[in-house]
Trainee: 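Have a look at the structure that comes next, please.
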Amino acid sequence: MSQGPNRREMLVGAGAAVSALAWTPGARAQAARRAPFTIVINNSPWFDGFRGAVEAYEKESGNKVNLDVNPFGGSLEKQRASVRARDGQFDLLIMNGLYYQEMYHGGFLTPINDIDPAFRLDPQMIRYDNTVYWNAAAKSHDPSGKLMSVPVNGNIPLLLYRADLYEEHKLKVPETWDQLLENAKKLHNPPRIYGIVQRGARGAPNDVSYDWWPYLYSHGGSLFRDEPKGDYTITINSPQAKEALDFYIRMAKEAGHPQTGGLAQAQIIQNLATGRAAHAMLVIAAWSQLDDPTKSAVVGKLNAARVPGSANGKPAPVLGHWLAGIPKNVPRPRQEAALAFLNWFQTRDAQLKYMAAGAPPVRQDVLSDAGLMREPKNRWMGAMAQSSEFVKLMWSVPEGAQIGDVLELRLNQAVIGELTTTRALNAIAEESHTIMERAGYRTGKIAAL
């Protein structure tokens, strides 16, 4: 699904550009004074970039922003408690792509245009599979629904590869999984170097399922038959899904780490940073560690590409992004203060500051800036820019968190050989169907493999 602006957004784009002028440097005297407000956020690798943007906003506007910083799970629990209280503690929630659904479905957020009818999401802001919108009646991310959030981080997997080895062996950047496997086998020389390292571990919240999902989608598989239209028939055990899982395991056996089933994100980063992996799929948040001479032995040797796709399908980088939403149960002055920050944050100038502070921008024109791309430290930007139109959400239902636990267990069992791919996928389908049926969705299941 294309992430470009729709017609309605193009018509109001000029208005967004005018509003951005109010936030140019030196305009502090003209900026409206706002009430202090509090952002609850997780301490991710990109947090320093976000903090740098907040500090720039405070300096330019004179307004005060409080940051409540927590581990991943702690941030989620604080958000859950705050939105259910009579008076919310937090005014801006930084929500991960795996749990924001709970906030949408639960009705805990205030639609942005209920706070300011004139607010418009800048046409250059990436929509991330339209997850910023919510149609409560249809329970879908319909762009004609209400604007519920503003993206703050676009974490998606990129294919990271050893550019120095590619040059040495005269390899071409792969566009398909078959090409990736061929390249990985050519560079596979264990234990000195593995052709590819994959997240095969059972993680919390998601390791093996997140790593496998681009394979699933690009092979034509899916969790549900037609989620956007409300058909939650379970299709995870389709022949296409089996082909994707069979290939994932084949990759591990023929060119991967011998303990793929025990590798989580931290171990993937470690293998790349120590020069023991030729390829891996990682979110861009890991890049700063891999290009840091104090943490990495492969500084300047890695490059990034869009994740591959199947021979007959498009690439499908899966979302692990972050969205900013404003809860209903906080006073209007604090809601308005939070929205003023988001209006500033979406401008090109703010996104350049965000990037300079160390976080990937969420504006397509910044990601696609040819001048910025020419800087060696920004060599990941082209892959991110090329990925925007292909990004895919894993699921849009809050029950996805429960299904995620099922996926992690059964996929890990398939990777380590405890279950065949057929049995693993049939088990996922059966258990996911039970979850959705108990929750009252219009669901069903296809025939077992």
Side-chain angles (χ1 to χ4, degrees), residues 3 41-50 71-73 75-76 94-100 126 128-129 131 151-161 180 196-201 203-218 248 263-273 277 279-292 295-296 298 302-308 315-323 354-355 357-362 366-367 377-395 400 404 407-408:
Q3 301 303 302
I41 189 171
N42 64 299
N43 191 12
S44 287
W46 52 272
F47 170 71
D48 284 342
F50 187 83
F72 183 96
S75 178
L76 173 58
I94 307 302
M95 309 172 294
N96 183 258
L98 296 174
Y99 66 73
Y100 76 88
I126 304 167
Y128 296 106
D129 208 8
T131 51
V152 295
N153 182 275
N155 258 2
I156 59 170
L158 299 178
L159 176 65
L160 304 188
Y161 64 94
L180 173 59
I196 187 169
V197 286
Q198 299 154 274
R199 290 165 65 175
N206 290 80
D207 265 305
V208 60
S209 57
Y210 187 82
D211 208 53
W212 174 63
W213 221 252
Y215 291 77
L216 171 68
Y217 274 152
S218 66
Y248 190 78
L263 300 185
Q265 180 171 266
Q267 288 76 46
I268 300 302
I269 294 172
Q270 181 184 37
N271 273 273
L272 277 175
H279 301 90
M281 290 200 313
L282 277 173
V283 294
I284 191 57
W287 181 266
S288 60
Q289 300 176 56
L290 298 169
D291 222 31
D292 183 341
K295 300 177 181 178
S296 173
V298 292
L302 289 172
N303 210 336
R306 191 178 64 194
V307 299
V318 66
L319 286 170
H321 64 322
W322 298 81
L323 302 169
Y354 190 40
M355 183 176 170
V362 289
V366 177
L367 277 177
K377 65 179 181 179
N378 296 332
R379 59 193 182 278
W380 53 269
M381 285 178 62
M384 282 281 286
Q386 294 164 16
S387 298
S388 296
E389 65 176 300
F390 299 107
V391 295
K392 296 281 288 182
L393 182 66
M394 291 183 77
W395 47 69
L407 285 161
E408 289 295 294

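Side-chain atoms are counted along with the backbone in the values below, which use heavy atoms only and exclude waters and symmetry mates. Along the sequence shown, residues are numbered consecutively beginning with 1.
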Trainee: Between Gln386 and Ala383, is there a donor-acceptor pair closer than 3.5 Å when you use the side chain of the first and the backbone of the second?
Mentor: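 Checking the backbone N and O of Ala383 against the side chain of Gln386, no donor-acceptor pair under 3.5 Å is found.
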Trainee: In the structure I gave you, are the side-chain heavy atoms of Ser296 and Gln289 within less than 4.5 Å of one another anywhere?
Mentor: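 A side-chain contact is absent here, since even the closest heavy-atom pair is not under 4.5 Å.
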Trainee: Report the C-alpha separation of Leu407 and Trp213 in whole Å, then their side-chain angles, then the decisive distance to 0.1 Å, and conclude whether the side-chain contact (heavy atoms from CB on, under 4.5 Å) test is met.
Mentor: CA-CA 10 Å; Leu407 285 161; Trp213 221 252; 3.7 Å; yes
Trainee: Using the ring of each side chain (for Trp, its six-membered ring), is Phe72 parallel, tilted or perpendicular to Trp322, with breaks at 30° and 60°?
Mentor: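 The arrangement is perpendicular - the two ring planes meet at more than 60°.
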Trainee: What heavy-atom pair brings Val197 and Ala277 nearest, and what distance separates the two atoms?
Mentor: CG2-CB, 3.6 Å
Trainee: Can you give me the closest heavy-atom contact between Leu180 and His279, atom names plus distance?
Mentor: CD1-CD2, 3.6 Å
Trainee: On a heavy-atom basis, which atom in Pro361 and which in Trp380 lie closest, and how many Å separate them?
Mentor: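 Distance-wise, the nearest heavy atoms are CD-CH2, 3.9 Å.
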Trainee: Does any part of the side chain of Val283, heavy atoms only, come nearer than 4.5 Å to the side chain of Gln265, both counted from C-beta?
Mentor: yes
Trainee: Measuring from Leu159:CG to Leu282:CG, what's the distance to the nearest 0.5 Å?
Mentor: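 Reported value, rounded in 0.5 Å steps: 10.0 Å.
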Trainee: Stepwise, does the side-chain contact (heavy atoms from CB on, under 4.5 Å) test hold for Met355 with Asn378?
Mentor: CA-CA 10 Å; Met355 183 176 170; Asn378 296 332; 3.4 Å; yes
Trainee: Yes or no on side-chain contact (heavy atoms from CB on, under 4.5 Å) for Leu272 and Val298, after CA distance, side-chain angles and deciding distance?
Mentor: CA-CA 8 Å; Leu272 277 175; Val298 292; 5.5 Å; no
Trainee: So how far is it from Ile156 CD1 to Asp129 CG, rounded to the nearest 0.5 Å?
Mentor: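 Answer for the CD1-CG pair, Ile156 versus Asp129, is 11.5 Å.
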Trainee: Which heavy atom of Phe47 sits nearest a heavy atom of Ile41, and at what distance?
Mentor: CE1-CG2, 3.7 Å
Trainee: Does any non-hydrogen side-chain atom of Asp291 lie less than 4.5 Å from one of Leu302?
Mentor: no
Trainee: So how far is it from Tyr248 OH to Leu216 CG, rounded to the nearest 0.5 Å?
Mentor: 12.0 Å
Trainee: Could you tell me whether a side-chain N or O of Tyr99 sits under 3.5 Å from a main-chain N or O of Gly400, the two making a donor and an acceptor?
Mentor: no
Trainee: Taking Glu408 for its side chain and Asn206 for its backbone only, find out whether a donor-acceptor pair lies under 3.5 Å.
Mentor: no
Trainee: Test Leu160 against Asn303 for side-chain contact (heavy atoms from CB on, under 4.5 Å), laying out the working first.
Mentor: CA-CA 6 Å; Leu160 304 188; Asn303 210 336; over 6 Å; no
Trainee: Is the shortest side-chain heavy-atom distance between Tyr210 and Met281 below 4.5 Å?
Mentor: no
Trainee: For a 4.5 angstrom cut-off between non-hydrogen side-chain atoms, does Ser209 reach Met394?
Mentor: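 Yes; the side chains approach each other to less than 4.5 Å.
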Trainee: Less than 4.5 Å apart, any side-chain heavy atom of Trp46 and any of Trp287?
Mentor: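 When only atoms from C-beta onward are counted, Trp287 and Trp46 do not touch, as no gap falls below 4.5 Å.
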Trainee: On a heavy-atom basis, which atom in Ser218 and which in Ala316 lie closest, and how many Å separate them?
Mentor: N-CB, 4.1 Å
Trainee: Any side-chain heavy atom of Leu323 sitting closer than 4.5 Å to one from Thr131?
Mentor: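 When only atoms from C-beta onward are counted, Thr131 and Leu323 do touch, with a gap below 4.5 Å.
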Trainee: Return the CD1 to CG distance between Ile269 and Asn271, rounded to the nearest 0.5 Å.
Mentor: 10.5 Å
Trainee: Please determine if Arg199 and Asp211 form a salt bridge, counting it only when a charged side-chain N lies under 4.0 Å from a carboxylate O.
Mentor: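 No.
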Trainee: Which heavy-atom pair separates Phe390 from Pro315 by the least distance, and what is that distance?
Mentor: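 Scanning both residues, the minimum pair turns out to be CB-O, 3.5 Å.
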Trainee: Would a 4.5 Å heavy-atom cut-off, applied to side chains only, mark Leu367 and Ile126 as touching?
Mentor: yes
